[in-house]
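Sequential numbering from 1 along the given sequence is applied to the chain's residues. Everything numeric here is computed off the predicted structure, so don't read it as measured data.
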Amino acid sequence: MHTIPFSEFGLSEPVMQAIDDIGYEEATPIQTETIPLLLSGRDVIGQSQTGTGKTAAFAIPAIERLLADRGNGVQALILCPTRELAIQACDEIRKLTAHTGFINPTAIYGGQDIDYQIKRLRSGVQIVVGTPGRVMDHMRRHTLRLDGVKIVILDEADEMLSMGFREDIDTIFADIPSERQTVLFSATMSPEILEITKLYMKDPAVIRVLRKELTVEGIDQYYFNIPQSLKIEALSRLMDVYHPEPAMVFCNTKKKVDELVSAMQLRGYVAEGLHGDMKQQARDHVMNTFRGGRVDILVATDVAARGIDVSDIGAVFNYDIPQDYEYYVHRIGRTGRAGKKGLAFTFVTGSREMAELRGIIDYTHKDIIKSSIPTSAQVMECRRLRFARRVCAAVESEDLSQYIAMVEQLADEGISSVEIAAALLRSEMTSGGKTAMPSEADDFIFAGHERRRNAERRSRSEGFRSGRSDSRSVRIHINIGSCSGLLPKHIVGTVAGETGIEGRLIGKIEINERFSTFDVPQEYAEKVIDVLNRTRIIGRRVSARLFNDKR
């Protein structure tokens, strides 16, 4: 896995400062291969899946070009298949442009107030991230001019084609100057993708970051879908229940490592951090204490953890979902060595990270089992059992005469030995060396979050897969059917991508030869009809209306 530090790319000071703020230490493989080519002006085809750091791979060179040219108007256009991807990409680009002073990115997609988007576009933006349908909508309204675009990026091009955006892509490219740099990322290289590359790219360099088929043996893998705000509490409870000796916790940034180490130390855990900003002497000290068994938790970034060879790590925690699937394999491979059973725990927050986790499962060909955070009662019971074992061991093997004398002295003062033992047990149960007690209130938050996630999954399963309609749903009729090659995914993708409605809210779908119908919540019907009447599905103009409307 060939990678290099960002400092070796020769990037400008504003971009390097942003990278440092974010906390990135080293480029991922796709970034290592792609960034130098794009900085040189080449067109690039990147065959790479989600979870490889693609956004920074194309965003950093685009920002560098804008810094060099300092032109006016929209100079970079990034097309994404869905609103979620557009928002995610724009958020990352906004972080990378934080110190540039004048580069202003914006996202345009269905489901957001178009007047707000028009206001943003008129205020002066240099980078537009958008879904094809909404980009074309602004082109028709003359609120988006593309005649100054110098770089175009098609992100997840295969998904855009599967959602029926081919004709939209052709229309958009017709308005973009031929003298431009073109970048295309796709997980697959279908004939349609190759046709696009021939039409719109000039002598492109092809970068394939295709992973080896890896498996992970001897490690029990679990994930927890939890709110971001409760990750520290979740880590504490798992440490108390499983008591791995020692544990490694992985974060994606240096800043997160420092924050987590401080938080765990405040809770009474012996935690140390390891990242690229540390001097060698400090790194050596941390590793010596870790190898010597004097540290409960080592919190590290992926780069800093390279070369660590400790054979008896009890568990690995992915506090952050890794930026690259290979990083996941490298992380959890540090447990389960020397014939021992390993444990790997991954924290997941939100639907985007769930999608990344599914990608990791596909990549490793191993199940990652959904689990629940231990309750406060379970944590306290584990502390009690651990305390009882220590007491029994001390009674059997240690000379306690000095302490017996102290107990007898307290007894002379009117405190019974049972009360003394109870007070010591209470101290152990409420802290166990830790300053934080597990809270029953947090139990309700964990359980409530779990119930919401389960309800969303049931709704998605019952509403879409089983075709069940909600009583408050209405039926939409469109003039496209199976004879045009329409599939349910085209309807879901276009409606969700262009209106902002979650795919799980689309109910029963029926595709006939020349028309199709589907259910949506009543409150969204007007928006769906309006948007569909201004867009295309699988390249065809849509005529949409309520199903009982006979016009």
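Heavy atoms only, all atoms of each residue included: I63 and I127 are closest at CG1-CD1, 4.3 Å. Closest of all the heavy-atom pairs between N104 and S123 is ND2-OG, 4.3 Å. Nearest heavy atoms, T335 versus G314: OG1-O, 3.4 Å. Across A57 and P61, no two heavy atoms sit closer than the pair O-CD, 3.2 Å. Contact record, A107 with A86: CB-O, 4.1 Å, taken as the closest heavy-atom pair. Nearest heavy-atom pair, R94 versus R120, reported as atom, atom and distance to 0.1 Å: NH2-NH2, 4.5 Å.
In summary, the side chains of Y328 and Q221 do present a donor paired with an acceptor at a separation below 3.5 Å, with no hydrogens or angles considered. Between the side chains of Q117 and T106, no donor-acceptor pair is found at a separation under 3.5 Å.
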Walk me through it: do N252 and Y327 pass the test side chain to side chain contact (heavy atoms under 4.5 Å, CB included)? CA-CA 10 Å; N252 287 345; Y327 289 174; over 6 Å; no
List the steps and the verdict of side chain to side chain contact (heavy atoms under 4.5 Å, CB included) for F345 and L343. CA-CA 7 Å; F345 303 110; L343 282 172; 4.1 Å; yes
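For N72, the CG atom is loosely surrounded, since the number of other residues' heavy atoms within 6.0 Å does not exceed 12. By the neighbour-count criterion of 12 heavy atoms within 6.0 Å, atom CZ of R541 is densely surrounded, having more than that number from other residues, nucleotides or ligands. More than 12 heavy-atom neighbours from other residues, nucleotides or ligands sit within 6.0 angstrom of OH on Y200.
Here the side chain of T535 pairs no donor or acceptor atom with the backbone of L532 at under 3.5 angstrom.
For the atom pair CG (D175) and CE (M139), the distance works out to 3.5 Å, reported to the nearest 0.5 Å. L79 CG to M136 CE: the interatomic distance, rounded to the nearest 0.5 Å, is 11.0 Å.
Residues passing the side chain to side chain contact (heavy atoms under 4.5 Å, CB included) test with D258, sequence neighbours excluded: H275. D115 meets the side chain to side chain contact (heavy atoms under 4.5 Å, CB included) test with D113, I118; sequence neighbours excluded.
Looking at heavy atoms from C-beta onward, P322 lies in side-chain contact with I360 at the 4.5 angstrom threshold. Inter-residue side-chain proximity for L66 and T97 is flagged as unmet; no heavy-atom pair is nearer than 4.5 Å. When side chains are defined from C-beta on, D137 does not count as touching L144, because their heavy atoms never get closer than 4.5 Å. A 4.5 Å side-chain heavy-atom check between V299 and C251 finds at least one atom pair inside the cut-off. Within the 4.5 Å cutoff, the side chain of D302 has heavy atoms near those of the F250 side chain. Residues F9 and I19 have side chains not in contact (no heavy-atom distance under 4.5 Å, counting atoms from C-beta outward). I232 is listed as a side-chain neighbour of L260, based on a closest heavy-atom distance under 4.5 Å. Residues F290 and L274 have side chains not in contact (no heavy-atom distance under 4.5 Å, counting atoms from C-beta outward).
A salt bridge between K255 and D21 is absent, with no side-chain N of the basic residue lying under 4.0 Å from a carboxylate O of the acidic one. Look at D91 and K95 and you find no salt bridge, because none of the NZ, NE, NH1 or NH2 atoms lies under 4.0 Å from a carboxylate O. Between D362 and R358 there is no salt bridge, since no side-chain N of the basic residue sits under 4.0 Å from a carboxylate O of the acidic one. Classification of K54 and D155 as a salt-bridged pair holds, one side-chain N sitting under 4.0 Å from a carboxylate O.
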